[in-house]
Amino acid sequence: MAEEKKWEGLQKKVESYLKRWNMIERGEHIVAGISGGADSVCLLFVLLRLRETMGITITAVHVNHMLRGEAAEEDERFVAALCAEQDVPCRVFRVDVAEEAERRKCSEEEAGREVRREAVREIMKEEHADRTAFAHHQDDNAETVIMNLCRGSRVKGMRGILPVSGRLIHPLLCVGKAEIEEALTERGIPWRVDETNLEDNYTRNRIRNRVMKELYAINPGTAEHISRMAEKMSELWEYLEEETEIYIRECTKEAEGGRIIEKSGLERIPGVFREEVIRSVLSQVCGREKDLRAVHVQEVRKLMEKQPGRQVFLPYGVRAFRVYEGVLVQKKERRHTPEKKAGPGFRMRIFDRRAGEKWPDTPYTKWFDYDIIKGRLIMRTRREGDYITVTADGKRQSLKKFFINQKVPAGIRDEVPLIADGSEIVWIVGYRQNKAYQITEKTVRIAEIEIYGGEKHGRDNSSIGSGGTGQSED
């Protein structure tokens, strides 16, 4: 009885964490990254228990980076054998990460992360899986926060590793490395040790082997405390994003090819939000955020104090130009006004359900229970009071909250097309379907909805009659 205490304690803690963050629902298909180390082996056995209690399906993915010779081959064989023993399908990818790093012009550490993500995405698509699970734990989270702090990250980076990010989940963030190894040892479950983790070749390894070692000497609970702080910072970031969105509407306006940040409006809002407003506008005009840095935000702030006509050049072919009202942020290559593109529309086809019918994972065609639809479906962009049902048991989430959780840039939230049944969103196109409208064993008639035309992020308000083609409401 006593021998099972550590493992049972870990399992209960993780299951409680899963419920708290609504990570896994009954019957879902989980793709798990399994390296063979203690963390991923622990994740596998946690999921095996859920296979018994929640009826989930597990597919393991192992990526051999081909960096450690025979040791890497042994890791691959170990994972394959372990999965076979537990009756878990295992997909193995063999990728020369050193070669990939050279091709992608990045470090081996970064290339390794990218090939793992790509492998998992490939299997997610092939298997029509619901979630991806990685085995990051409290110590990893603490290391990530410290790395981001060293890089000059703002509040967003202090959130560390998120428990849930889209379809990616981290079930072990509530437990530490030592706790994992003790629980596995207690059950007699073996794992592989990557000796390169003891070397200081990578930034994370230096933080783990030097910085964290000193912090643990000061307080053994360091990782747990940093992880708790990261959760609080995540809550703070949600508040900052919500307020920033309000201030963006107050102190910016659309302009040719971009957006103007008005100097007088920016000066009226609280100082803590000014940089976030600038960063969000830059992200909106650039179309992505990866290469935007604090220095770019500072350049735009300094430009506010310059004379009209001054400009700075930013990533992704964007420039910030001092105009009379403030700073215009726009794509700099604009020789003519492009012809306005038609927005997207959609078609709906109604048919009776047939036994054994399968629904492919396609981005712009989805299937719903037609008889659940209450009113007349329309395609539009967001409105106040919009919500979506996110779980099978009817849990609702405001559309605003959904966009924040999914890290949809504030600048494009007004452009995401929605299929709406009144204030209830049936489908956030490109992101998520409403759980309440999904096909079940009780479904009689099915609505097939197909998006066509436009950029899939238009502002058109299109509607559908019963079984017809979307027509403009105007």
Side-chain angles (χ1 to χ4, degrees), residues 4 6-8 10-15 17-19 21 23-66 71-95 112-113 115-137 140 163-164 166-175 177 179-194 358 361:
E4 290 296 318
K6 289 183 179 177
W7 176 262
E8 290 300 322
L10 180 144
Q11 182 82 33
K12 288 175 183 175
K13 186 186 290 189
V14 173
E15 288 183 8
Y17 193 67
L18 287 167
K19 288 178 182 176
W21 290 98
M23 289 190 192
I24 297 176
E25 293 184 37
R26 182 173 295 278
E28 286 192 324
H29 188 162
I30 311 300
V31 175
I34 309 296
S35 67
D39 319 329
S40 64
V41 170
C42 178
L43 173 63
L44 177 61
F45 277 84
V46 165
L47 294 176
L48 286 171
R49 171 77 71 88
L50 298 180
R51 185 171 68 178
E52 297 174 6
T53 60
M54 296 181 65
I56 68 169
T57 301
I58 308 166
T59 298
V61 173
H62 176 80
V63 181
N64 183 342
H65 293 175
M66 302 175 69
E73 301 297 320
E74 290 176 3
D75 287 351
E76 180 183 319
R77 288 192 289 269
F78 170 82
V79 171
L82 180 64
C83 290
E85 180 183 322
Q86 300 300 327
D87 194 26
V88 173
C90 181
R91 303 290 295 274
V92 174
F93 290 77
R94 300 171 63 84
V95 183
R113 281 196 301 271
V115 298
R116 288 194 296 274
R117 290 170 185 156
E118 289 164 9
V120 165
R121 281 197 293 267
E122 182 177 330
I123 300 306
M124 285 282 289
K125 185 175 181 180
E126 285 183 15
E127 298 290 337
H128 307 298
D130 299 289
R131 318 262 184 173
T132 297
F134 284 138
H136 298 94
H137 48 72
D140 294 322
V164 178
R167 295 202 289 173
L168 172 62
I169 61 174
H170 294 100
L172 302 186
L173 281 184
C174 59
V175 294
K177 178 80 169 179
E179 194 173 352
I180 289 169
E181 293 183 349
E182 288 172 2
L184 291 176
T185 300
E186 187 176 74
R187 283 195 61 181
I189 299 172
W191 69 84
R192 295 281 300 167
V193 176
D194 183 350
K358 301 292 184 182
D361 185 16

Please evaluate residues Asn64 and Asp75 with respect to the criterion side chain to side chain contact (heavy atoms under 4.5 Å, CB included), reporting the C-alpha separation (whole Å), side-chain torsions for both, the decisive distance (0.1 Å), and the verdict.
CA-CA 8 Å; Asn64 183 342; Asp75 287 351; over 6 Å; no
State, with a plain yes or no, whether a side-chain heavy atom of [X] is found less than 4.5 Å away from one of [Y].
{"X": "Thr132", "Y": "Ile123", "answer": "no"}
{"X": "Ile180", "Y": "Lys177", "answer": "no"}
{"X": "His65", "Y": "Arg116", "answer": "yes"}
{"X": "Tyr17", "Y": "Met23", "answer": "yes"}
{"X": "Val41", "Y": "Leu44", "answer": "no"}
{"X": "Val46", "Y": "Trp7", "answer": "yes"}
{"X": "Cys42", "Y": "Val175", "answer": "no"}
{"X": "Phe45", "Y": "Leu82", "answer": "yes"}

Nearest-0.5 Å distance, CZ of residue Phe134 to CG of residue Asp39
13.0 Å
How many angstroms lie between CD in Gln11 and CG in Leu50, if you round to the nearest 0.5 Å?
6.0 Å
Lys/Arg N to Asp/Glu carboxylate O, Arg192 vs Glu76, below 4.0 Å:
no
In terms of side-chain geometry, is the basic nitrogen of Arg91 or Glu122 positioned less than 4.0 Å from the acidic oxygen of its partner?
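Here Arg91 does not pair with Glu122 in a salt bridge, since their nearest N and O are not under 4.0 Å apart.
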Would Asp140 and His170 count as a side chain to side chain contact (heavy atoms under 4.5 Å, CB included) here? Give the steps.
CA-CA 11 Å; Asp140 294 322; His170 294 100; over 6 Å; no
Under the salt bridge (charged side-chain N to carboxylate O under 4.0 Å, His left out) rule, collect the residues that match up with [X], sequence neighbours excluded.
{"X": "Arg117", "answer": "Glu114"}
{"X": "Asp130", "answer": "none"}
{"X": "Glu73", "answer": "Arg94"}

Apply the test side chain to side chain contact (heavy atoms under 4.5 Å, CB included) to residues Arg131 and Glu25: give CA-CA distance (whole Å), side-chain angles for both, the deciding distance (0.1 Å), then the verdict.
CA-CA 10 Å; Arg131 318 262 184 173; Glu25 293 184 37; 4.0 Å; yes
If we check side-chain contact (heavy atoms from CB on, under 4.5 Å) with Leu47, which of these qualifies: Val88, Ile56, Thr57?
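By the side-chain contact (heavy atoms from CB on, under 4.5 Å) criterion, Leu47 pairs with just one of Val88, Ile56, Thr57: Ile56.
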Kindly determine whether Cys174 and Val14 satisfy side chain to side chain contact (heavy atoms under 4.5 Å, CB included), including the steps that lead there.
CA-CA 7 Å; Cys174 59; Val14 173; 4.0 Å; yes
Provide the closest heavy-atom pair for Ser35 versus His62 in the form atom of the first, atom of the second, distance.
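That closest heavy-atom pairing would be O-CE1, 3.2 Å.
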Residue pair Ile30 / Ala133: nearest heavy atoms and the distance that separates them:
CG2-CB, 3.8 Å
